[in-house]
Amino acid sequence: MNKVILEMKNIDKRFSGVHALKSVDFELKSGEVHALMGENGAGKSTLIKVLCGIHQRNGGTVKLFGEEVNFRNIAEAQAAGISVIHQELNMMNHLTVAQNIYIGREPMKGISIDDRRMVQDARVLFERIGVDIDPTVQLGTLTVGKQQMVEIAKAVSHDCKLLVLDEPTAALTQTEVEELFKIMNDLRDKGIGMIYISHRMDEINRISDRVTVMRDGEYVGTVNTAETTKDEIVKMMVGRVIYGDRKTESKVPPDAPVVLEVEHLNRGREVKDVSFKLRRGEILGFSGLMGAGRTEVARAIFGADRKDSGIIRINGKEVNIKTPEQAVKNGICYLSEDRKRYGLLLIKSVSENSVLSSLDDFIDAGWINDRRIEKVAAETNAVLRTKTPSMEQQLKNLSGGNQQKVIVARWLIKNSDIFIFDEPTRGIDIGAKSEMYELMERLASEGKSIIMISSELAEVQRLSDRIIVMCEGRITAELDCKDATQEEIMKYATMRETMKG
Amino acid sequence: MKERRPIKLGQNIIILFALVVLVGVFTLLNPNFVDKYNIVSMAQSLAPYAIMSLGVTFVIATGGIDLSIGTVCIAAAVVSGKAFTSGLIPLWATIPMMIAIGTLFGLINGLLVAKLKLPNFIATLGTMMFSRGLSALIVVDPNIFFPTGTWYNKVFSNWNGIPTGILWVVLFTLICMYIMYKNRTGRYILSIGSNEEATRLSGINTDKYKMYAYIFAGMASGIAAIFWSASFSTVAAATGNGMELDAIAGVYIGGTSAAGGVASVTGSTIGAALLVVIRSGLNFVLAKFNLNLNSTYVTFVLTGIIVVVAVMMDVIKTKRQNKIKVEKNKKDKK
């Protein structure tokens with residue numbers, strides 16, 4: 001029907017220690033909505049970043065309108081007609097709508113900005129794409145959905161030919177989603193090609209013409225949406241091979257003692273009345289879509305964020321955890337999905353990172369015993385098979401998987417009992433992934449209790465004895481591993497309150 | 001391939017070398033520079049600066065800054081001196097009083113930054129102005145005169161030609177090395193400097209240790225006041241403007257990272273010494289060659305250049321290390 005405007009072939013991208021994209025192909029036609037799917041860490045965002053010049057590819061070709069391009073930054077990509085609407089909006093809340101749209105290219109009258117014309121231009125623009133927003137109000141006063149439309153309008157005003165929408169519906173209400181789709185359909189009629197990233201299967205079916213699936217940095221395939229089924233796409237996304245079979249029988253004896261009990265936990269709008277129990281030696285999977293509130297539950301239990309209400313019992317005794325310090329004293333540890341920000345001291349050594357939580361145990365008569373620290377760190381990391389040239393190596397020189405192991409070492413040395421893993425394999429190579437699975441299984445068999453938050457269904461299915469599914473801050477299901485099929489998990493993960501009632 | 005702990009020995013050797021070269025050059029230009037009296041005089045002015053540098057090193061190691069150290073030092077000296085000259089307290093009591101005043105201001109900074117989460121630059125700018133103004137208001141007299149030739153001057157400044165202040169600096173440096181490298185407080189302060197949130201999520205009370213850093217810097221300013229008053233005798237609320245910047249410059253020259261996480265205690269002492277040598281040496285050179293230049297301003301020019309060069313060297317070194325690392329990774333892949 002329409003001509004090809006974007007052709008990416010054999011795209012290769014490596015970061016230190018991680019092969020993020022392996023020979024990925026992608027194609028987009030004008031007037032097409034092409035969905036890009038894959039689980040978290042599949043490489044979708046990296047592909048987009050390579051496209052718009054945030055990352056430089058290590059191999060492959062990108063052709064835009066038949067010509068090979070090599071963008072060095074976003075500005076160049078934008079000038080060539082590519083606009084990206086990110087998951088988190090990148091706009092200035094304090095400026096007006098019109099100021100946001102025309103920032104950096106304000107219409108001028110002499111040496112001052114022609115505000116009247118700017119507002120006028122914005123009105124014309126909104127009319128063109130059929131949006132009803134007052135250009136003179138402060139952006140921050142609009143709902144997230146409206147803000148997103150402002151951003152789309154901004155992209156259109158840049159004369160974009162290719163629009164990337166990265167999970168645009170994650171924070172939208174149902175009516176806002178409808179409005180967004182209407183605009184997308186209009187843009188499609190105008191011949192704009194759109195790359196649409198989303199996890200929501202029903203949306204993909206409604207809006208997209210084709211679907212390309214990625215998995216673990218590899219291109220899996222492209223199908224016409226009309227000629228495929230939801231199951232087929234899920235199958236392409238998940239892939240069995242590296243994960244192994246799903247667990248069908250819980251390894252936890254039914255009379256295993258409850259080590260952690262959470263009752264009616266609330267925090268803001270993200271965590272609503274969450275209650276569950278964790279048994280000794282159990283791996284309890286937390287499944288759900290992005291923004292379902294799983295990380296927030298973990299942070300509230302750990303004291304990283306203050307909870308609004310709720311009771312937490314450890315080994316049957318009520319504890320009052322307000323800070324991570326208190327949580328750690330009670331044997332809880334939390335391994336964040338964002339290791340660089342929330343876990344690692346990048347410029348410090350493997351030794352120092354390994355003993356950060358248990359430094360007090362290495363002080364002899366007021367003096368830190370570095371020799372003993374190095375010995376214990378070396379022993380623990382040897383057990384975990386952390387690959388590092390020495391214990392003195394700075395952590396920034398290790399790969400993601402090995403960095404993760406050093407943090408596990410930190411909590412093993414602290415002798416924690418309850419491990420909360422938040423997306424434990426994000427940004428980790430496949431090889432290191434299965435090692436991480438074995439590690440978690442070993443911890444459980446040694447009597448540690450694990451809460452594992454993961455967005456990868458196969459990962460949850462392989463490891464969990466029980467699975468808790470969350471949606472919009474609530475627990476929508478608690479499944480035994482033998483009942484936890486993908487369909488079942490997805491059903492509860494998308495069980496929005498509006499749909500329930 | 002063994003990588004050493006980041007107690008930057010390399011940079012220490014470089015600035016130690018720079019110190020020796022400078023002393024050599026100044027001596028060549030004007031041999032009076034190494035006169036016994038000048039050495040004692042330099043040693044006397046080193047003590048307050050070095051001790052302030054050492055104190056603020058802990059704050060900078062957390063990734064913060066304390067602009068109030070100079071005015072707090074003067075405030076401690078002026079207020080305690082006033083209490084002494086008015087006959088309210090004996091001479092010995094000025095010592096605990098100065099330390100207490102310094103510590104109090106450190107505590108205020110700590111509360112503002114760690115508990116109330118104010119930006120450190122603004123919080124300490126506030127205490128800097130506050131302490132300067134308040135001490136002048138309390139004291140009224142333009143000058144406070146500390147006694148000369150008493151045990152006080154002997155112990156803290158000059159014992160018949162022996163610059164006793166130096167011994168205290170050495171002792172204080174050793175204590176700071178222990179706290180920074182061998183005590184949990186220093187280890188946690190460095191952890192906070194490299195990643196505060198990760199440190200907090202490792203179960204460490206980061207607010208508490210950040211407070212400690214500011215309190216320690218304040219206390220060091222109070223201690224510096226002892227040496228200041230013992231060496232210079234005349235103290236006025238208006239003296240010592242910009243002292244904090246000299247002390248902070250010494251820390252950066254010494255190799256402590258402005259971003260936090262990496263600190264060199266000995267570097268701070270040597271950095272402070274370097275600045276004292278430049279200040280004094282320039283006086284001698286300018287006098288010798290009858291150059292009609294204001295030595296204070298020449299000192300500023302030279303100090304500015306040295307700070308920038310020292311930090312630039314550090315930046316370049318880190319960059320090169322990273323480059324080498326990337327290239328090595330590429331090779332590994334092949």
Side-chain angles (χ1 to χ4, degrees), chain A residues 14-17 19 58 299 302-304 323-330 332-336 338-353 355-360 362-364 366-370 373 388-397 399 407 410-411 414 416, chain B residues 1-8 61-63 115 174-175 177-209 256-257 259-263 314 318 321-334:
Chain A
R14 290 165 196 273
F15 297 104
S16 62
H19 200 165
N58 299 116
R299 287 179 61 96
F302 188 63
T323 63
E325 191 186 11
Q326 291 162 337
V328 170
K329 277 196 184 122
N330 280 297
I332 306 179
C333 65
Y334 171 66
L335 295 89
S336 167
D338 192 346
R339 289 185 287 276
K340 283 210 166 72
R341 252 171 85 191
Y342 297 130
L344 307 171
L345 308 180
L346 285 172
I347 58 169
K348 297 286 168 195
S349 68
V350 174
S351 287
E352 276 187 83
N353 272 283
V355 301
L356 183 58
S357 298
S358 47
L359 192 61
D360 282 354
F362 294 92
I363 296 176
D364 299 337
W367 292 73
I368 293 175
N369 189 335
D370 279 304
I373 286 176
T388 171
S390 79
M391 285 299 116
E392 297 301 320
Q393 186 69 240
Q394 286 183 329
L395 220 62
K396 64 178 179 193
N397 297 337
S399 72
I407 300 181
R410 180 186 297 166
W411 296 116
K414 182 67 193 172
S416 302
Chain B
M1 190 183 71
K2 188 124 170 142
E3 211 169 293
R4 281 312 304 164
R5 184 179 297 291
I7 301 174
K8 298 193 173 178
T62 67
K115 295 284 176 199
L174 290 173
I175 292 171
M177 284 174 78
Y178 162 74
I179 298 173
M180 187 72 88
Y181 305 123
K182 284 292 167 188
N183 181 282
R184 95 194 65 183
T185 305
R187 211 48 80 86
Y188 288 154
I189 281 173
L190 290 168
S191 302
I192 290 169
S194 45
N195 188 342
E196 182 171 349
E197 191 58 9
T199 307
R200 187 177 80 97
L201 293 180
S202 297
I204 288 144
N205 187 343
T206 46
D207 287 353
K208 183 170 91 181
Y209 290 98
T256 293
S257 158
V262 180
D314 204 38
T318 324
Q321 273 173 357
N322 287 342
K323 211 182 247 169
I324 290 166
K325 202 197 85 207
V326 171
E327 274 162 10
K328 212 187 113 272
N329 278 351
K330 274 185 191 160
K331 245 179 240 160
D332 287 353
K333 289 271 154 56
K334 280 170 196 165

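Letters go in sequence order (proteins before strands), and every chain restarts at 1.
Contacts of A:I363 with chain B are made by side-chain atoms alone, with heavy-atom separations under 4.5 Å and no backbone atom involved. There is no contact between A:L395 and chain B, counting heavy-atom distances below 4.5 Å. Residue contact with chain B, scored on non-hydrogen atoms closer than 4.5 Å, is absent for A:A327. Heavy atoms closer than 4.5 Å to chain A are found in both the backbone and the side chain of B:T199. Contacts between A:F362 and chain B at a heavy-atom distance below 4.5 Å are absent for every atom of the residue.
In this structure the side chain of B:L190 reaches within 4.5 angstrom of the side chain of A:K348, judged on heavy atoms. With a 4.5 Å cut-off on side-chain heavy atoms, A:D338 and B:E197 do not count as touching. Side-chain contact between A:T323 and B:R200 is absent, with no heavy-atom pair separated by less than 4.5 Å.
Most heavy-atom pairs under 4.5 Å with chain B: of the set A:Y334, A:Y342, A:F302, this distinction falls to A:Y342.
Smallest separation of non-hydrogen atoms from A:G366 and B:N183: O-ND2, 4.3 Å. Taking both residues in full, the closest heavy atoms of B:N195 and A:K340 are given as ND2-O, 3.0 Å, listed atom of the first, atom of the second, then distance. When all heavy atoms are compared, the tightest approach of A:I347 to B:S194 is CG1-CB, 3.5 Å. Here the closest heavy-atom approach between residue B:Y188 and residue A:L359 is recorded as OH-CB, 3.5 Å.
With sequence neighbours excluded, the residues forming a side chain to side chain contact (heavy atoms under 4.5 Å, CB included) with A:S357 are A:R410, A:W411, A:K414, B:S202, listed by chain and number. Contacts of A:N58 classified as side chain to side chain contact (heavy atoms under 4.5 Å, CB included), with partners at least two apart in sequence or in another chain: A:K13, A:R14.
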Does B:R187 form a side-chain contact (heavy atoms from CB on, under 4.5 Å) with A:V355? I'd like the steps, not just the answer. CA-CA 11 Å; B:R187 211 48 80 86; A:V355 301; 5.8 Å; no

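Expressed to the nearest 0.5 Å, how far CD of A:E325 lies from OG1 of B:T206 amounts to 9.0 Å. With rounding to the nearest 0.5 angstrom, the CG atom of A:L345 is 5.0 Å from the OG atom of B:S191.
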